[in-house]
There are 2 protein chains.
Amino acid sequence: MNVQFAQLRYFLALTTAKNYSLAAEQCNVSQPALSMAIRKMEDDLDLILIDRTSNPITLTEKGEMIAAQAMRILDEMQLLEKLASDLHDDRLTGQLKVSVIPTLAPYIVPQFIQKYAASYPDIELIIEEDTTKSILQKMKVSETDAAILATPIDEKSIVYQPLFYEEFLVFSHEKIDKKYILPEDIDFQHLWLLEEGHCMRQQMIKICELRNQTKSQIRYNAGSIESLMNITESSGGMTIIPEMATWGLSEDRKARVTPFYEPTPVREISVAHHRFSTKLRLINTITHTISEIIPQYMKIKDTYQRIDFQT
Amino acid sequence: MNVQFAQLRYFLALTTAKNYSLAAEQCNVSQPALSMAIRKMEDDLDLILIDRTSNPITLTEKGEMIAAQAMRILDEMQLLEKLASDLHDDRLTGQLKVSVIPTLAPYIVPQFIQKYAASYPDIELIIEEDTTKSILQKMKVSETDAAILATPIDEKSIVYQPLFYEEFLVFSHEKIDKKYILPEDIDFQHLWLLEEGHCMRQQMIKICELRNQTKSQIRYNAGSIESLMNITESSGGMTIIPEMATWGLSEDRKARVTPFYEPTPVREISVAHHRFSTKLRLINTITHTISEIIPQYMKIKDTYQRIDFQT
DNA sequence: GGACATTCATAAATTTTACTTATAAGTACA
DNA sequence: TGTACTTATAAGTAAAATTTATGAATGTCC
């Protein structure tokens, strides 16, 4: 563990400047300082990073690979310094706009909004429902500060931190007299899905695809979990709902909820924000408050044998 | 840029040990050394990271946030050191197993396999076709060393580097007398899709969904782009094919390829490998060789107005 | 082909930083 | 109130990074 940050900085400056003196100037050090630092780095790593015979100097293949990794380190380092400077602002006040996906919002928002207001009276919290796609777009242009959504998402400018894992369950028109739902128990002819745009719709389809039942005609209609359940009740058939939607159900409805057989499908719910957000402290208050609400077992990834929702 | 690597190490050791002497011991330094280093870090960042009044000591809220970021830095740093130690092995020999998705393999593999063999005669290259899902699984258990596939993928243990961006085009039974395909030109009643398991199938559906045409019955059948085109030719209708599939087409077929109107759907093709792969140098040879084959305009993300394939 | 410019390496001196030992101060608990 | 434990401070030392000055190598231009 000998490599120094300064060395990495000098090295990367050199890789772009391709000239020791110039790179040294950019780093505000003398040319020998930079020269020796890089030599030391080569010694420490025991690798030749620079081809000094060519003119202008070039990186060796190994040098290229080290440079790529060095850049990642400095990126993270810059983030640390930005974070530190953001944290200088001690006031825990201001506006915080949080977007939540519609299949989660009705269940999580009411639970934490009161607790939150009590804990952080000086933060003006604005919550809005929106689809993942739209949320990501808004976060990129800083129209919203943070989001609570299903992950994974892969968007270089957005970072996220998993909060909890939520099981999917089957809600049916009539009581199912089984402890677990097996593939053959699913009535694909009468499976109600969410309408376009919900990420959970994709997950519902995925659950069915994974069970190799795609030839059926899947009907979709509902714009919310609540209306999904209503349609299921009024028109028969079954649907898939997330765990938290079962918490407030009547005993009558609860009796018609059946878990899947393992591997249980789950979704990962995370707090996301822009990589360069300036409101990290405010966003942190959201994370903390939610964490206090969620039962412990939901925070552990391995509670369930997961179905992977990777594309 | 004052923060030192050692300071981060000491700080993280302290966050887990919650005891200066113990943390110092773990870091192989004296207790005052660690104590002073952390004090200096607090000075540098101008933040109070540790609540020294409590017993045992605790992190302040800010300290928690800095610790999380510090961990990311050390993670990347460890990766640098692992990379450096892997690079010590100068032999560019051995076996390299590369998995390629089936909708890409037939077009890219023949092109680069000869060039590759000439450049790296001592590497035994094993290429196999597989679906994204299966490839990711195999990479996680080191059954395959690297992959060429469509990204983004979001899998913590897998890292990838974009190679190029490939446009999707429409291939039709009869020549379309238009310069660009508009949503209303797509004949959804006769759109041929790939069978389950291909990531490109998802992308095809996405292209259609984005154009709000989901009520139609989509038929799917083919196991490869080649058979997709054959079915389209023999049974009528149209299909969607990737750009590289058009390169080797007969003039007759080429005439029946039509681009989409902007935003053009594209897929991002990347080289992926396990975060802790020990064959980074070998994998790098793949990246380089492909890069030499691919025309420049395909390497630029902004050549196309992209359609985002985020879940 | 020799003078000049440019670029990187080396050497010695200096400053800065990090570390160690020894010890003091603070705290928790019996 | 003392004892054990933990953290902070101080002084001295070793290590390092950096500076200035200069040397060596390479390329360029007339």
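The sequence lines fix the lettering, A, B, ..., with proteins before strands; numbering per chain opens at 1.
The residue B/P32 sits close to a base: some heavy atom pair falls under 4.0 Å.
Put simply, CD on A/E42 is 13 Å from P on C/dC8, counting in whole angstrom units. Atom-to-atom, CD of A/Q7 to P of D/dA17 comes out at 6 Å; the value is rounded to the nearest Å. Put simply, CG on B/D43 is 14 Å from C1' on D/dA8, counting in whole angstrom units. Straight-line distance from the CG atom of A/N28 to the C1' atom of D/dT19: 14 Å, rounded to whole Å. Distance, B/Y10 OH to C/dT17 P: 16 Å, rounded to whole Å. When rounded to the nearest whole Å, the span between CE of B/M36 and P of C/dT16 equals 16 Å. Atom CG in A/N19 sits roughly 17 Å away from atom P in C/dA5 (whole-Å rounding). Rounded to whole Å, the distance from CE on A/M41 to C1' on C/dA9 is 19 Å.
The side chain of B/R52 contributes an N or O atom lying less than 4.0 Å from OP1 or OP2 of D/dA8. For the OP1/OP2 pair of D/dT9 and a distance below 4.0 Å, the side-chain nitrogens and oxygens of B/R39 include at least one atom meeting the criterion.
The base of D/dA8 is paired with the side chain of B/Q31 by a donor and an acceptor separated by under 3.5 Å.
Minimum heavy-atom separation, A/R275 to A/K156: CD-O, 3.5 Å. In plain terms, the two heavy atoms of A/L80 and B/A70 that are nearest each other are CD1-N, 4.0 Å.
Out of C/dA18, C/dA9, C/dC8, the shortest distance to the side chain of A/S21 is found at C/dC8. For A/S30, the listed nucleotide lying nearest its side chain is D/dT19; candidates were C/dT10, D/dA8, D/dT19. Nearest nucleotide to the A/A33 side chain, out of D/dT9, D/dT18, C/dA18: D/dT18. Residue A/Y20 has its side chain nearest to C/dC8 when only C/dT20, C/dC8, D/dT7 are considered.
A salt bridge does not link A/D43 with A/R39: none of the charged nitrogens is closer than 4.0 Å to a carboxylate oxygen.
For B/I48, the CD1 atom counts as loosely surrounded, since its 6.0 Å shell holds 12 or fewer non-hydrogen atoms of other residues, nucleotides or ligands. Residue B/E25 qualifies as open at atom CD: its count of foreign heavy atoms under 6.0 Å is 12 or below.
Map A/S35 and B/V29 each onto its nearest nucleotide of DNA chain C; the residue landing nearer the 5' end is A/S35. Map B/L14 and A/A6 each onto its nearest nucleotide of DNA chain D; the residue landing nearer the 5' end is B/L14.
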